[in-house]
Asks: 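Okay, handing you the structure first.
Being a predicted model, the structure only gives us computed values, none of them experimental. Letters go in sequence order (proteins before strands), and every chain restarts at 1.
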Amino acid sequence: MRIKCPYCGERDAAEFTYLGAADLVRPDAAAKDAASAFYEYVYIRDNPAGPHAELWYHAGGCRSWLRVVRDTRTHAIASAELVKRDGTG
Amino acid sequence: MGPRSLRYSLFNLVSQTFAGNRGWTPAWRKPAPKPAYDVVIVGGGGHGLATAYYLAKQHGISNVAVVEKGYLGSGNVGRNTTIVRSNYLLPENIAFYERSLKLWEGLAQELNFNTMVSQRGVINVYHSDPQRNAYVRRGNAMRLSGADAELLSRDQVRELLPFADFDNARFPIRGALMQRRGGTVRHDAVAWGYARAADAQGVDIIENCEVTGISIEQGRVRGVQTTRGFIGAGKLGLAVAGNSSHVAALAGLRLPIESHVIQAFVSEGLKPLIDNVVTFGAGHFYVSQSDKGGLVFGGDLDGYNSYAQRGNLPVVEDVAEGACALFPNLARLRILRNWGGIIDMTMDGSPIIDKTGIGGLYFNGGWCYGGFKATPASGASFAHLIAKDEPDALIRPFRLDRFARGAILDEKGMGAQPNLH
């Protein structure tokens, strides 16, 4: 598996570290439903069989966080882009 | 209903020899699905088949179907590395896996099927003083929970594994933790043995039948849509670890699970070399030798979400490095086959067996690395849960709501990061 890093080009997946699903938004700790919202945020995942947006860290390269869309059935990578400043895609 | 499988015994072997072996019957029937069953189990792997067997045997519920999307034994029950052990650290896990180990010990007699249970001992070598302390702690925890554990000195390990690299400059072997009752079991025979024994109790095993929908009316499960039509179900049990998230999604459930790929390897056949199951303490590598002579080994997860049943080369390299660091004499060994299996990795690394919020729907999954060794206890406890609608003491810690309650069972203290468990 190779990931096309926007800075470094196509690199072996061994250079990257996997975090997990992208686009999880940290809930507001002051909200009334904070306990259940944090439970969902920390533990619950869609875990799709198909395209999956996920975060990879290019530890062995430019040290950027990437948002990668990858098909979990085939490992084919559709896109890899830098994570935006607010932490979302 | 077709003929039941003939009992495997010396008497039948001899009498069939004289009868030209014409009296043997198939190990299980291939029935068409009935319109409805008291219980339908989704997933004809080890856990599903064991559950059906114990439902019939222990609880007298034999109007049961097991529906399997592929052929029997095509999933993780035939893809694991066949190791059974109970050398965990947390008391909840030790108690559960120790029950499983006790059931393994009597399984061949119980099922009248040669499951080739081989208690050859599981050896975890250690390489440093802190690691020795950790293994002493683990061994004591095991003994307190009724499992067996023994600390081996360097010389004792040398007697068992004289060809290991004891004087490795980076990772010298200082000793080991050993569980002598651990070992291996022939995994295909577990699927076949449970299938045959369940079939003999009247359970219908329906292969090539994929569940495509779960019918729920007024908060209660009514049955499943399958590729072979609708099957009504009084109660429905899901035992589809690896695919738990998308099968549970058919009932609208979202789970604390990621699906990951783990690879396994078999080498060319060798004369007897490694008598036990051995794990490397300084990296992730474990190995045993099959009766055919091939070394069966594996290591870490690939570490990313996957349903592909195949992994990538960095892990192959990492496993090979671990092998050569522990046993330099394996350096020229050729690998015959390698494959991947998809496992449910939970957020705390421990399994989930529980009721769901939906009436009559029961969930069994999240087995992480522990699925195969858990098979008998998982089946027995899941059958109890389905039959009595309440968990037995062993699976009470494995409830689905433990994450929301903060009662997680994190064996390694890694936090909610499935690829680190």
Asks: Can you give me the closest heavy-atom contact between B:A308 and A:R73, atom names plus distance?
Replies: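 Looking at all heavy atoms of both residues, the closest pair is CB-O, 3.4 Å.
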Asks: Counting heavy-atom pairs under 4.5 Å with chain A, which one of B:G406, B:A404, B:G311, B:S244 comes out on top?
Replies: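 Of B:G406, B:A404, B:G311, B:S244, B:A404 has the most heavy-atom pairs under 4.5 Å with chain A.
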Asks: Taking side chain as everything from C-beta outward and backbone as N, CA, C, O, which of these in B:L313 sits under 4.5 Å from a heavy atom of chain A? Side chain, backbone, both or neither.
Replies: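 Contact with chain A is absent: no heavy atom of B:L313 under 4.5 Å.
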Asks: Before you tell me yes or no, could you show the steps for B:Y304 and A:H75 under ring pair (Phe, Tyr, Trp, His ring centres under 6.0 Å), namely the whole-Å CA-CA distance, both residues' side-chain angles and the distance that decides it to 0.1 Å?
Replies: CA-CA 10 Å; B:Y304 43 81; A:H75 301 163; 5.2 Å; yes
Asks: With distance as the sole test, does A:N47 use its side chain to make a donor-acceptor pair with the main-chain N or O of B:S259 at under 3.5 Å?
Replies: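 A pair under 3.5 Å: yes.
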Asks: Within this structure, what is the NE2-OG distance for the pair A:H52 and B:S306, rounded to the nearest 0.5 Å?
Replies: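 So the gap between those two atoms works out to 11.5 Å.
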Asks: Quick one: what part of B:I257 sits under 4.5 Å from any heavy atom of chain A, side chain, backbone, both or neither?
Replies: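 For B:I257, backbone and side chain are both near chain A.
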Asks: For B:R337, I'd like to know if atom CZ has over 12 heavy atoms of other residues, nucleotides or ligands within 6.0 Å.
Replies: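 It does not: B:R337 CZ has 12 such atoms or fewer within range.
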Asks: Nearest 0.5 Å, what's the CG-CZ distance between B:N305 and A:R45?
Replies: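 That separation rounds to 9.5 Å.
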Asks: Using 0.5 Å steps for rounding, measure from the CZ atom of B:R254 to the CG atom of A:D46.
Replies: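 Answer for the CZ-CG pair, B:R254 versus A:D46, is 4.5 Å.
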Asks: State whether the number of non-hydrogen atoms from other residues, nucleotides or ligands found under 6.0 Å of A:Y41 atom OH is greater than 12.
Replies: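 Yes - once you tally the heavy atoms of other residues, nucleotides and ligands closer than 6.0 Å, there are more than 12.
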Asks: Write down the atom of B:P256, the atom of A:I44, and the distance for their closest heavy-atom approach.
Replies: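 Shortest heavy-atom contact: N-CD1, 3.8 Å.
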Asks: Quick check on the structure: residues of residues 409-421 of chain B within a heavy-atom distance below 4.5 Å of chain A, by number.
Replies: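 Interface residues of residues 409-421 of chain B: B:A416, B:Q417, B:N419.
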Asks: To the nearest 0.5 Å, tell me how far A:Y18 OH sits from B:L301 CG.
Replies: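 Separation between the atoms: 11.5 Å.
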Asks: What is the distance from atom OH of A:Y43 to atom OG1 of B:T346, rounded to the nearest 0.5 Å?
Replies: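 Rounded to the nearest 0.5 Å, the OH-OG1 separation comes out at 10.5 Å.
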